[in-house]
Amino acid sequence: MTELSRSFYRGNTVAVARSLIGASFARRYRGAWYLARIVETEAYLGSNDAAAHSRGGRRTARVEPMYADGGHLYVFLVYGMHHCANVVTRRPGMPEAVLIRAGEGPPEAPPALLSGPGRFCAALGITAAATGMDIVDGSDYRLYRRDRRPRIGVSPRIGVDYAAEAKDWPLRFYDRDSRAVSGRPRLRR
DNA sequence: CACATGATCGCCT
DNA sequence: GGCGATCATGTGG
């Protein structure tokens, strides 16, 4: 397992979003590591992206982690009850990030357990306490490079209808062969 | 299967 | 004061 590097995260945000499909997200909780295979992501392209929290150069306490160097986490609370986790990309001052929308857990886990950004965070216990964390310096959060290149599907992003023309940009990426991708034939239970 | 709705609260204007 | 980078549940066809 090769850990993803700082220079990787500093690269083109769309390229990072694509490359993270199939990558492993690891989280240490009370000494034990928990892993998930990422199967769905979305790219958020900074100041000029009407769907991004950093649109128009917004720079508030919440969004501040998006302005950090590539390789940090940006976690926020939506709808008062769900958390969404992002991996920050590019360089300091460039507020771009990749939203992790879904993952696969261990085979014995329910298929939909990590299907959706809120569920992904809930399953891995990711809360706002993790925002701003460095994922390259060996903290409790780490990402590992994928070992195989999956078949990748592309679509507009989910839940950003307010974002004018940016709502149609093809910035959502997913593993075409995964059942855990969100917004699919419901895999309840 | 396709909507429709309620929950719930921090953030931003 | 309004509204989300969501989800679970409920209705109707």
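This structure is a prediction, so every number in the text was calculated from the model and none was measured. All chains are named by letter (A, B, ...) in the order of the sequence lines, taking the proteins before the strands, and each is independently numbered beginning at 1.
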Residue A:R58, side-chain atoms from C-beta onward, closest of B:dC11, B:dT13, C:dG4: B:dT13
Are there more than 12 heavy atoms of other residues, nucleotides or ligands under 6.0 Å from atom CZ of A:R145? no
When the distance from CZ of A:R59 to C1' of B:dT13 is rounded to whole Å, what number comes out? 20 Å
Aromatic ring of A:Y44 stacked on base six-ring of C:dA5, 5.5 Å, 30°: yes
Taking the side chain of A:R119 as its heavy atoms from C-beta onward, which of C:dA5, C:dA8, B:dT8 lies nearest to it? C:dA8
Rounded to the nearest angstrom, tell me the gap between atom OH in A:Y79 and atom C1' in C:dA8. 14 Å
To the nearest angstrom, how far is A:M81 atom CE from B:dT5 atom C1'? 12 Å
Calculate the interatomic distance between A:L77 atom CG and C:dC3 atom P; express it in whole Å. 18 Å
Given atom CZ of A:R101 and atom C1' of C:dA5, what is their separation to the nearest angstrom? 7 Å
Just compare C:dG4, B:dC11, B:dG10 and give me whichever is closest to any side-chain atom of A:Y162. C:dG4
Do A:R157 and A:E42 meet the salt-bridge criterion of a basic N to acidic O distance under 4.0 Å? no
C:dG4 C1' sits how many Å from A:I158 CD1, rounded? 15 Å
Would you mind checking if A:R146 and A:D175 are paired as a salt bridge, meaning a charged N to carboxylate O distance below 4.0 Å? no
Which listed nucleotide (C:dA5, C:dT6, B:dC11) is nearest to the side chain of A:R62? B:dC11
A:M66 has an atom CE; how far is it from atom P of B:dC12, in whole Å? 12 Å
Counting only side-chain nitrogens and oxygens, does A:T60 get under 4.0 Å of the OP1 or OP2 atom of B:dC11? no
Above 12 or not: heavy atoms from other molecules or residues under 6.0 Å from OH of A:Y162? yes
Partner lookup for C:dA5, please. Criteria are Watson-Crick or G-U wobble with both distances under 3.5 angstrom; report none if nothing qualifies. none
Could you give the distance separating C:dA5 and B:dC3 at their P atoms, to the nearest angstrom? 22 Å
Would you confirm whether A:D49, through its side chain, and A:Y44, through its main-chain N or O, come within 3.5 Å as a donor-acceptor pair? no
Regarding the side chain of A:V63, the nearest nucleotide among B:dC12, B:dA7, C:dT6 is B:dC12
Compare the minimum distances between each of B:dT8, C:dC7, B:dC12 and the side chain of A:H82, then state the nucleotide with the smallest one. C:dC7
Take the protein atom CG of A:L113 and the nucleotide atom P of C:dA8, then report the distance between them rounded to whole Å. 10 Å
